[in-house]
2 protein chains.
Amino acid sequence: MTDSPKNDVSVAADEKKIPKAVIKRLSLYSRMLQELEHKNITKISSKELSDLLGMNPAKVRKDLAYFGQFGVPGLGYYVSELKAQIKRILRTDREIRVALIGVGHLGQALLAYGGFLRQSFRVVAAFDTSPDKIGRTFNGVKVMSTEHLEDQIRTLGADIVVLAIPAENAQATVDQVVRAGIRAILNFVPARIVCPEAIKVHYVDLGIELESLSYYLKD
Amino acid sequence: MTDSPKNDVSVAADEKKIPKAVIKRLSLYSRMLQELEHKNITKISSKELSDLLGMNPAKVRKDLAYFGQFGVPGLGYYVSELKAQIKRILRTDREIRVALIGVGHLGQALLAYGGFLRQSFRVVAAFDTSPDKIGRTFNGVKVMSTEHLEDQIRTLGADIVVLAIPAENAQATVDQVVRAGIRAILNFVPARIVCPEAIKVHYVDLGIELESLSYYLKD
DNA sequence: TCTATCTTGTGACAAAATTCACATACTAAT
DNA sequence: ATTAGTATGTGAATTTTGTCACAAGATAGA
């Protein structure tokens, strides 16, 4: 049952622009497929998968179609195979090296929060400016001074920087990690940061999420 | 940040459907206007505001136009007035009562994180199942047992529930708060939760945010 | 008051994302 | 083998979202 990848399509070839939302959903599918695999479910249809995630089956198929043909008509998708394909697409089939900058409450929570750092992600460094924090270990990660941030990021070969620092220092820190060659930033700082186009920044704005909910409290 | 399936609501007077994204941006404008006001800047054009936020000026104007005419041609917007209007629209001109469920690392971080709980938001309760936590105080909020969750939520008059608990308990907890009359949930649990259409759920999925970044690490 | 200069608010347009719907292709069961 | 049933992959239709461009309103300076 584990064979039969039919049409294989490489990820390299696609020069089409993939919407950001598609990538997020791929990530969602990946996690769900993981769960299904864990439950020893071997195959699943786009309908079933979309039901589990509360979305539209055609969307699931279209999302996958950006990258190739992974399904079997009349049957659906093989869970393990699809999971593997998606992980390949997302590049989570290898180790991703994460550097956390800012070990305040949020930073510590991120280090400890299981849902955040899964499988392929590995925190290779944590940085903070506070002497109280430097040298301490949180979840097996030792906090370093930000003094030689740029060099450290480079030396440790970090792929992604997670930014959880006060807004005031954000831009300067971004400039440093950009110089260090970082290409992706997960930004928890509630401020706009400016950096070269080529660098991918995801904003997570917890304040906005809460505040915008308030709108829907109408009677 | 992900979001719940369909369902959208409109503000009382004009029955137009307001896109969710518009509401999020309103929240963003609100915060920026706050900063501007703090800097004693009294007026601002859509161009200036959009530059500060890295977006398109027409979008700013269109967003505001959903709710009325707040600007002055040839001048722009009066910062204080626009801020007040947006706060009125978002209903953040009154106190919003928040209940936090789950005082683990993430919950504690949320309690402590300045960017999260601003001004009009007030945490009226925190709940946890762990006897280690119950009775302790975090950031001035005393942790209660989840035993009488439904009654407590009702009694305290919470408007929004923030969910930061393990995935296993999420659905059961949601059922309880829904029975207690909650109409908005900020969900940090990486699992889909099912609840009545009328209840607004915002998903914040930290794992997905990180994982989807990995896609962009291609050489 | 007049004029030059802004900037809004919005209709028209464009782009993007989602959903529909169906030809096609595979399965499974007899 | 044949057939009934199922589910994919994808053009076409639809909906949603974002951008352009400009008439009209307002300012400010002379």
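Letters A, B, ... mirror the listed sequences (proteins, then strands); counts begin at 1. Treat the numbers as computed from the prediction; the structure is a model and nothing was measured.
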Margin query: Is it the case that the side chains of A/Glu95 and A/Ser120 hold a donor-acceptor pair, with the cut-off being a distance below 3.5 Å and no angle test?
Written below: no
Margin query: From C-beta outward on B/Lys59, which listed nucleotide comes closest to its side chain: C/dT18, D/dT19, D/dG11?
Written below: D/dT19
Next item on the list: Verify the distance criterion only: is there a donor paired with an acceptor across the side chains of B/Arg179 and B/Gln176 at less than 3.5 Å?
Entry: no
Note to self: Nearest whole Å is fine: how far is C/dT8 P from B/Glu48 CD?
What the structure shows: 9 Å
Check: For D/dT17, does either OP1 or OP2 sit under 4.0 Å from a side-chain N or O belonging to B/Asn56?
Finding: no
Note to self: I'd like to know if A/Lys62 reaches the base of C/dT19 with its side chain, counting only an N/O donor and acceptor under 3.5 Å.
What the structure shows: yes
Check: For the pair made of CG in A/Asp63 and P in C/dA17, what is the distance, rounded to whole Å?
Finding: 11 Å
Item checked: Any side-chain donor near an acceptor of the partner, A/Ser214 and B/Arg91, under 3.5 Å -> no
Margin query: Heavy-atom nearest nucleotide on DNA chain C for B/Phe70 versus A/Val22: which residue maps closer to 5'?
Written below: B/Phe70
Checklist line | Interatomic distance where CG belongs to A/Leu64 and P belongs to D/dT8 [whole Å] | finding: 9 Å
Next item on the list: Hey, which sits more toward the 5' end of DNA chain D by its nearest nucleotide, B/Lys43 or B/Ala58?
Entry: B/Ala58
Checklist line | Atom-pair distance (NZ on A/Lys24; P on C/dT18), nearest Å | finding: 12 Å
Next item on the list: Output the distance between atom CZ (B/Phe70) and atom CD1 (B/Ile86), rounded to the nearest 0.5 Å.
Entry: 7.5 Å
Next item on the list: Report yes or no: do B/Gln119 and B/Gln34 form a side-chain donor-acceptor pair below 3.5 Å?
Entry: yes
Next item on the list: Please determine if a side-chain N or O atom of B/Arg61 lies less than 4.0 Å away from the OP1 or OP2 oxygen of C/dG11.
Entry: no
Check: Can you tell me how far P of D/dT8 sits from CG of A/Leu75, to the nearest Å?
Finding: 9 Å
Margin query: So, does B/Arg25 get its side chain near the phosphate of D/dT17, meaning an N or O under 4.0 Å from OP1 or OP2?
Written below: no
Next item on the list: Give a yes/no answer on whether the side chain of B/Gln69 brings an N or O atom under 4.0 Å of OP1 or OP2 in C/dT10.
Entry: yes
Next item on the list: Take the protein atom CZ of B/Phe67 and the nucleotide atom P of C/dG9, then report the distance between them rounded to whole Å.
Entry: 14 Å
Note to self: Does D/dA7 have OP1 or OP2 under 4.0 Å away from a side-chain N or O of A/Ser46?
What the structure shows: no
Notebook entry, point to check: Does C/dC26 have OP1 or OP2 sitting under 4.0 Å from an N or O in the side chain of A/Tyr77?
Noted result: no
Check: Could you give the OH-to-C1' distance, from B/Tyr66 to C/dG11, as a whole number of Å?
Finding: 14 Å
Notebook entry, point to check: Between A/Tyr78 and C/dC26, does any side-chain N or O lie under 4.0 Å from OP1 or OP2?
Noted result: no
